[in-house]
Amino acid sequence: MGIYDREYYRDPSGALRWFSGPAPATRTLIALNVAVYLLQVLAPSLRLEEHLGATSSGILEQFRIYQPFTAPFLHSTGNVLHLVWNMLFLWWFGSELEAMLGSREFSLFYITAAVVSTLAWAVVDRLIPGTSGRMIGASGAVTAVAVVITLFYPQRKILLFFVIPMPLWAFLVLFLGSDALALLQQLQGASGENVAFASHLSGALLGLIYKQSGIRLERFTMPRFRPRLRIVVPERPEPVRPRTPSNVARVEIARGPRESGTAPRGEDQLEAQLDEILAKIAREGRDALTDSEKRILEEASRRARLRRGARP
């Protein structure tokens, strides 16, 4: 992940602040889901669910490879809570995971989870006797995101039904356990809820593999060209001040921590240090950062502000 993906570098100016503020990828995904839902409701003649929803026969027999990409953005028009709950959980968990991974990596992970969970549902649907259902909804991808956050912060408390406090790990076990039981009943031919339990469980498995393996999907994508940082030197030299201990401390903080007697120079070294710090935040949380690591973040933020100030 590059320096330009990080929260402190983003320029909050502009009219479309919804897409440039905190967690822009999460906001964009929510906006897309809501927009598609409104189109489903306002233009039923388009029959989006029929054309873009996922079916096991369409994917596995007719090779409609677009369905795993389109079905996760559709929701049931007969039950608005299907959309509401998915988007609430996507915001709660997705915005935090995006801050940890960066917008590009988070987007790749979300889309991968959506596609994989839909494909897994299609395979399981073929095994259920007497069914030929249609799958829509973001639940599989949202479950994958929730699992990753739970593995990072298993003891974090949430309110079940907005009343009962419980740790995230217990909520996840309860949710996935009920899904596993319902899926077993479906495989045995019992009629039950019209819910894609296989999509939830496969999304959870993908989230587990992603977190435990430490893989980064950005490595499998095309490299991108990024602008170089420019350091703007003030035209007026600052007045010379005596080298008092306090002034020396301020200079050291501005320059950043020294390693092996030399200070980091240029974007490449700064970005390498930021990647290490980001990985540490993902493993241990932001509170685990040392003072020197926090100074590196402050230095990167200072450079970003200087660059924005130099724009015409």
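This chain uses plain numbering: 1 for the first residue, then up along the sequence.
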Between the CG atom in L108 and the OG atom in S103, the distance rounded to the nearest 0.5 Å is 11.0 Å
Has the side chain of E105 got a donor or acceptor atom that lies under 3.5 Å from a matching backbone atom of G102?
no
Kindly give the heavy-atom pair with the smallest separation between A122 and I59, and that separation in Å.
CB-CD1, 4.0 Å
Here the pair of heavy atoms bringing G203 nearest to S117 is N-CB, 4.1 Å
Here the gap from Q40 atom CD to E49 atom CD, rounded to the nearest 0.5 Å, amounts to 6.5 Å
What's the separation between atom CZ in F93 and atom CG in L168, rounded to the nearest 0.5 Å?
5.0 Å
Given the rule in the side-chain contact (heavy atoms from CB on, under 4.5 Å) test, do V80 and Y37 qualify, once you have shown the distances and angles that lead to the verdict?
CA-CA 9 Å; V80 69; Y37 182 79; 3.7 Å; yes
Are the side chain of Q67 and the backbone of T55 linked by a donor-acceptor contact shorter than 3.5 Å?
yes
Taking the side chain as every heavy atom from C-beta outward, state whether I30 and V34 have any atom pair closer than 4.5 Å.
yes
Of all heavy-atom pairs linking L208 and V147, the shortest is N-CG1, 3.8 Å
Distance, nearest 0.5 Å, that separates CG of L183 from NE2 of H200:
11.0 Å
State whether the number of non-hydrogen atoms from other residues, nucleotides or ligands found under 6.0 Å of L32 atom CG is greater than 12.
yes
Minimum side-chain heavy-atom gap L176-T143 below 4.5 Å:
yes
Atom CG of L97 and atom CZ of F109: how far apart are they, to the nearest 0.5 Å?
6.5 Å
Looking at every heavy atom in both A196 and W121, which two are closest together, and how far apart are they?
CB-CD1, 3.7 Å
Please determine whether a side-chain nitrogen of the Lys or Arg among E98 and R104 lies less than 4.0 Å from a carboxylate oxygen of the Asp or Glu.
no
Taking L38 as the starting point, is it possible to reach L88 by hopping between hydrophobic residues whose side chains are less than 4.5 Å apart?
yes
E299/K294 salt bridge by N-O under 4.0 Å criterion
no
Path from V142 to M135 over hydrophobic side-chain contacts below 4.5 Å:
no
Evaluation steps, side-chain contact (heavy atoms from CB on, under 4.5 Å), between M87 and N33:
CA-CA 8 Å; M87 294 304 100; N33 278 275; 3.6 Å; yes
Straight-line distance of T118 OG1 to D125 CG, nearest 0.5 Å
12.0 Å
Mind checking what makes side chain to side chain donor-acceptor pair (under 3.5 Å) contact with N86, not counting sequence neighbours?
H75, S139
Flag the pair R27 / P22 as yes when at least one side-chain heavy-atom distance between them is below 4.5 Å, and no otherwise.
yes
Which atom pair, heavy atoms only, marks the closest approach of S57 to R126?
CA-NH1, 4.5 Å
Tell me, please, whether Y153 has R156 positioned over its six-membered ring: NZ or CZ under 6.0 Å from the ring centre and within 45 degrees of its axis?
yes
Applying side-chain contact (heavy atoms from CB on, under 4.5 Å), run through T77 and H82 and close with a yes or a no.
CA-CA 9 Å; T77 56; H82 185 211; over 6 Å; no
Any residue meeting ring-ring contact (aromatic ring centres under 6.0 Å, His included) with W92, in chain and number order, not counting sequence neighbours
F89
ILVMFWY cluster, F69 and Y110 together (side-chain gap under 4.5 Å):
yes
Validation row: L201, L205 side chains within 4.5 angstrom (heavy atoms):
no
Pair F106, L29 - check side-chain contact (heavy atoms from CB on, under 4.5 Å), show working.
CA-CA 11 Å; F106 172 77; L29 288 169; 3.9 Å; yes
With a 4.5 Å cut-off on side-chain heavy-atom distances among I, L, V, M, F, W and Y, is there a chain of contacts connecting I136 to L39?
yes
same_hphob_cluster(V173, M166) at 4.5 Å side-chain heavy-atom cutoff:
no
Return the minimal non-hydrogen interatomic distance between A25 and S107, and the atom names on each side.
CB-OG, 3.3 Å
